[in-house]
A.B. asks: 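Sharing a structure here in structure tokens format.
All ligand and atom numbering here is 1-based and tracks the order in the structure.
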Amino acid sequence: MVAAGGREQLVVLANRLPVERVGGASPWRSTTGGLVTLLQPVARETRALWVGYAGTSISSTLDRNGLRLHVVGLPDVDFPGYYEGYANSTIWPLYHDNVSPPAFRADWWEAYVRVNERFAGTATALAGPGARIWVNDYHLQLVPDLLRGRRPDLRIGFFLHIPVPEPEVFRRLPQREQILHGICGADLVGVQCASSARAFLRLARRVLDLDVDDGGILVGGRRVRVAPFPASVEVARIEATANRVDVRARAAKIREALGRPESVILAVERLDHTKGIVQRLQAYQWLLSQGRLRPPRTVMIQVLPPSRQTIRGYRVLRRTVGAYINAINRQFGPGAVRYWDRVFSLDELVPLYLAADVMAVTPLRDGMNLVAKEYVAAHVDGHGALVLSEFAGAAEELHEAYLVNPFDVEALGGALWRAVGADPWERSARMRAMRTTVCGSSVLRWGRDFLAALAAASRTDGVVPALEPAPPASDALASSRPAPR
Ligand code: G6P
């Protein structure tokens, strides 16, 4: 056992830090993305030490914008196999129900193991006695068990931000047992939604043959609690931004610049295979070709910052999406789809949300999708309509959205069409109901709930509560899909 070396009482581990090293006169640049947006306010409030990678092989610590950061230096030789390979070309597509074919390579796995060991080693050196360690996401699934082996005094939470696959899909992974044992080193496993929690219990039972009840797993005399903690957004900040006079004026200007269309459909996402971008463009094209929507009376805005461009499949996707948009604009007029391929700040997004009559969030699979919640939070006046994929975690909470199967291009077109044409009373009733859900939570509450559950899960240390009998198959093995409405 490694002795407690450091003094930190709360350490957050995530592959990505809110900064990356770019060198030069201003060596640190801010990063963006769902995970960073979510963890930032929580790490700031709790004064946690956030440990992650920042694009360099040199370790360091820094304070930035009220955040305490520790950079884990990773050897250049390991990063591609670990991040581009195992994390994003094996685990990412597999956990998203094989939306693109996962690739399996032994050398990627070896790099993944080495990087996980490095993260675990860093955390054990920094953590004080009895500290809480919050491990985030699919890049670091081996870390909980590595920590437990080295430092049994630690309280270990693991949160998976992406979907948990069904056993039939997960069993293809050559390292399926190692990955599950890695996660089960935690005292608490958090996931985005109830269906993912149930799926994780099924994995433990079917792949590792462990005893489970409907909220936990018995692992070597310990109980690992498994529970959903639906991620949220900065509701108060978004509402305050949406109420600003300049932001409302900006929203009006956006519509003016678009030629005062009757309807604006908006899509905002990272360029990724999971997001269903091509299917949505096809659905829009189908509506245009039928003459049900006509530019310039209707305009689609697509905000699509590129991501993971070091991976070939992502570069190909970027070209494919560009080609689709060009084809639509050639056929139906140059403004049918407005395409912005850069990151937008929240201050830029809120006016766009307000300018959009319909927001289309139609991923093929998504752990949660916070853009959907941001759109709802921004509509303080109760206007706007959300078309939402059944396969996004958010669909388990936002029942009043126009829910749709994004694989069915005609159904998707139909949902967009209904949302555009719905009468204002219906749209507003749906929006108000969704606002009750979204505004009843917040990102800080999400963080507090997880940390409180970690403290409670840890208190049972050494005492193994009796497992309740396994629930009947129909209940425990219920489909992980939200019921279509
Ligand atoms: C999305 C996922 C997160 C994940 C992140 C990684 O935001 O929802 O679960 O951690 O991507 O993104 P990155 O840019 O670091 O590859």
Side-chain angles (χ1 to χ4, degrees), residues 12-21 29-40 42-43 50-56 69 71-72 74 79-97 99-100 108 112 115-116 119 134-141 143 158-165 183 189-193 196 228-233 268-277 303-311 313-315 317-318 342-344 346 361 363-374 389 391-394 443 446 450:
V12 170
L13 297 188
N15 171 69
R16 195 168 276 286
L17 282 172
V19 293
E20 61 189 349
R21 189 162 175 87
R29 179 175 66 195
S30 297
T31 61
T32 54
L35 181 115
V36 165
T37 309
L38 191 63
L39 288 184
Q40 221 159 200
V42 178
W50 184 343
V51 176
Y53 176 67
T56 168
L69 309 175
V71 176
V72 181
L74 294 181
F79 187 72
Y82 147 73
Y83 175 83
E84 292 160 19
Y86 200 78
N88 283 312
S89 301
T90 304
I91 297 289
W92 176 270
L94 187 83
Y95 284 27
H96 286 89
D97 288 351
V99 291
S100 56
W108 290 351
Y112 185 83
V115 168
N116 273 249
F119 267 88
W134 181 355
V135 185
N136 285 275
D137 233 353
Y138 59 99
H139 313 84
L140 303 177
Q141 296 171 103
V143 171
F158 177 79
F159 194 93
L160 187 67
H161 295 256
I162 66 174
V164 178
I183 295 174
V189 175
V191 290
Q192 293 277 17
C193 49
S196 274
F229 298 87
S232 186
V233 294
V268 177
E269 56 237 327
R270 224 171 25 80
L271 183 102
D272 196 285
H273 308 274
T274 58
K275 301 294 183 186
I277 303 158
V303 176
L304 200 56
S307 72
R308 303 179 192 162
Q309 289 294 296
T310 50
I311 302 174
Y314 282 78
R315 294 197 297 274
L317 179 65
R318 193 176 185 189
R342 68 171 177 88
V343 173
F344 276 50
L346 190 68
V361 177
L364 306 178
R365 193 79 180 104
D366 213 334
M368 170 53 68
N369 199 294
L370 295 176
V371 166
K373 291 189 173 180
E374 284 182 359
S389 163
F391 303 117
V443 63
W446 168 80
F450 183 81

A.B. asks: Quick one: ring-ring contact (aromatic ring centres under 6.0 Å, His included) partners of Phe158, sequence neighbours excluded?
C.D. replies: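 Phe158 satisfies ring-ring contact (aromatic ring centres under 6.0 Å, His included) with no residue once adjacent residues are dropped.
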A.B. asks: In order of chain and number, which residues sit within 4.0 Å of ligand 1 by heavy atom?
C.D. replies: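 Residue list for ligand 1: Arg16, Gly34, Leu35, Tyr83, Trp92, Asp137, Tyr138, His139, His161, Ile162, Arg270, Arg308.
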A.B. asks: The criterion is salt bridge (Lys or Arg N to Asp or Glu O under 4.0 Å); which residues satisfy it with Arg315, sequence neighbours excluded?
C.D. replies: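 Arg315 satisfies salt bridge (Lys or Arg N to Asp or Glu O under 4.0 Å) with no residue once adjacent residues are dropped.
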A.B. asks: Check for me whether Arg308 meets the cation-pi criterion with Trp92, that is, NZ or CZ under 6.0 Å from the six-membered ring centre and within 45 degrees of the ring axis.
C.D. replies: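 Yes, Arg308 lies over the aromatic ring of Trp92.
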A.B. asks: Is Asp366 salt-bridged to Lys275, going by a charged N under 4.0 Å from an acidic O?
C.D. replies: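 A salt bridge links Asp366 with Lys275.
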A.B. asks: Counting distance only, does the side-chain N/O of Ser89 pair as donor-acceptor with the main-chain N or O of Glu84 below 3.5 Å?
C.D. replies: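 Here the side-chain-to-backbone pair exists.
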A.B. asks: Taking only residues two or more places apart in sequence, or in another chain, which ones meet Trp446 in a ring-ring contact (aromatic ring centres under 6.0 Å, His included)?
C.D. replies: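 Partners of Trp446 by the ring-ring contact (aromatic ring centres under 6.0 Å, His included) criterion, ordered by chain and then number, come out as Trp134, Phe159.
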